[in-house]
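Below is one structure, written out as structure tokens; comments come after it.
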Amino acid sequence: MTQTFLRITTDIEAEHDAPPAEKVISGTPEFTTWNVEDRDGLYCGTWRATPGKWQVSYDEWEYCRILDGHSILTEDGGDSFEVRAGDSFILRPGFRGTWEVVETTTKEYVIRL
């Protein structure tokens with residue numbers, strides 16, 4: 001039977017990761033991801049990161065909703081965007097810059113490759 005309703009939850013097995021060492025600018029950020037959807041180039045779930053700053057480069061499209069915490073995204077040669085609980089935003093392919101987690105940040109996401 002195919003599931004046609006999926007609840008975004010953290011009651012599933014988490015994946016643990018970190019940005020590659022060569023991309024870390026400060027701190028020792030660690031990621032926890034609860035991915036509930038992974039098919040046909042579509043990913044959806046919850047992601048949490050601990051404080052730190054690292055370089056990012058987006059080749060995918062991503063919708064994010066911040067559940068808690070405080071982060072600052074800075075585009076190379078451009079603006080900085082502070083995000084906190086309740087903020088929603090889209091990162092389009094081509095976004096290059098840094099992601100800085102000031103306070104441990106949790107987001108729900110939908111990624112399309």
Side-chain angles (χ1 to χ4, degrees):
M1 174 180 247
T2 301
Q3 277 191 297
T4 56
F5 178 90
L6 291 174
R7 189 173 303 278
I8 297 176
T9 181
T10 56
D11 291 336
I12 59 174
E13 187 173 344
E15 301 170 24
H16 300 278
D17 201 3
E22 66 273 10
K23 293 189 177 209
V24 175
I25 297 167
S26 65
T28 53
E30 296 178 350
F31 306 152
T32 304
T33 305
W34 297 269
N35 201 49
V36 299
E37 180 76 289
D38 177 353
R39 72 180 169 133
D40 302 326
L42 183 71
Y43 302 87
C44 179
T46 305
W47 174 87
R48 179 174 296 140
T50 60
K53 183 176 183 179
W54 62 95
Q55 297 171 330
V56 294
S57 177
Y58 278 76
D59 294 323
E60 66 275 10
W61 177 97
E62 181 175 1
Y63 165 82
C64 303
R65 178 163 177 81
I66 303 297
L67 302 177
D68 60 44
H70 174 208
S71 285
I72 302 169
L73 286 80
T74 303
E75 193 164 15
D76 284 347
D79 296 325
S80 291
F81 307 95
E82 293 198 38
V83 294
R84 299 177 189 269
D87 288 339
S88 299
F89 57 94
I90 292 171
L91 292 169
R92 290 185 170 151
F95 182 93
R96 307 276 185 269
T98 60
W99 187 304
E100 179 180 7
V101 174
V102 179
E103 297 171 2
T104 295
T105 298
T106 307
K107 69 177 182 179
E108 291 180 337
Y109 62 87
V110 178
I111 296 171
R112 185 183 70 189
L113 299 181

In terms of hydrophobic clustering (I, L, V, M, F, W, Y; side-chain heavy atoms under 4.5 Å; direct or indirect links), are [X] and [Y] co-clustered?
{"X": "Leu6", "Y": "Ile111", "value": "no"}
{"X": "Val56", "Y": "Val101", "value": "yes"}
{"X": "Phe95", "Y": "Phe89", "value": "yes"}

Just how far is it from atom CZ of Arg84 to atom CG of Asp68, taken to the nearest 0.5 Å?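 Nearest 0.5 Å value for the CZ-CG distance: 12.5 Å.
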Rounded to the nearest 0.5 Å, what separation is found between the CZ atom of Arg7 and the CZ atom of Phe5?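 Arg7 CZ to Phe5 CZ: 4.5 Å, rounded to 0.5 Å.
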Look only at the side chain of [X] and the backbone of [Y], and say whether a donor-acceptor pair between them is shorter than 3.5 Å.
{"X": "Asn35", "Y": "Glu37", "value": "yes"}
{"X": "Ser57", "Y": "Gln55", "value": "no"}
{"X": "Arg96", "Y": "Tyr58", "value": "yes"}

Shortest non-hydrogen contact from [X] toward [Y]:
{"X": "Ile66", "Y": "Lys107", "value": "CD1-CB, 3.9 Å"}
{"X": "Pro19", "Y": "Val24", "value": "CG-CG2, 3.7 Å"}
{"X": "Glu60", "Y": "Leu113", "value": "CB-CD2, 3.7 Å"}
{"X": "Leu67", "Y": "Ala85", "value": "O-CB, 3.4 Å"}
{"X": "Ala18", "Y": "Pro29", "value": "CB-O, 3.5 Å"}
{"X": "Thr74", "Y": "Ser80", "value": "OG1-OG, 2.8 Å"}

Using the six-membered ring of Trp61, assess whether NZ or CZ of Arg112 lies under 6.0 Å from its centre and within 45 degrees of the ring axis. yes
Listed by chain and number, what are the salt bridge (Lys or Arg N to Asp or Glu O under 4.0 Å) partners of Asp79, not counting sequence neighbours?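 For Asp79 there are no salt bridge (Lys or Arg N to Asp or Glu O under 4.0 Å) partners, ignoring immediate neighbours.
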Non-neighbouring partners of Thr46 that pass side chain to side chain donor-acceptor pair (under 3.5 Å), sequence neighbours left out: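 Checked Thr46 against side chain to side chain donor-acceptor pair (under 3.5 Å); zero matches.
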Mind checking side chain to side chain donor-acceptor pair (under 3.5 Å) for Asp17 and listing every partner two or more places apart, or none if nothing turns up? none
Taking atom types as modelled, find out whether [X] and [Y] have a side-chain donor-acceptor pair closer than 3.5 angstrom.
{"X": "Arg48", "Y": "Thr32", "result": "no"}
{"X": "His70", "Y": "Glu82", "result": "yes"}
{"X": "Ser71", "Y": "Thr105", "result": "yes"}

Do [X] and [Y] come within less than 4.5 Å of each other through their side chains, counting heavy atoms only?
{"X": "Ile72", "Y": "Val83", "result": "no"}
{"X": "Thr98", "Y": "Leu73", "result": "no"}
{"X": "Phe31", "Y": "Trp47", "result": "yes"}

Could you tell me if the ring centre of Tyr109 sits under 6.0 Å from that of Trp34?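 Centroid distance Tyr109-Trp34: not below 6.0 Å, so no.
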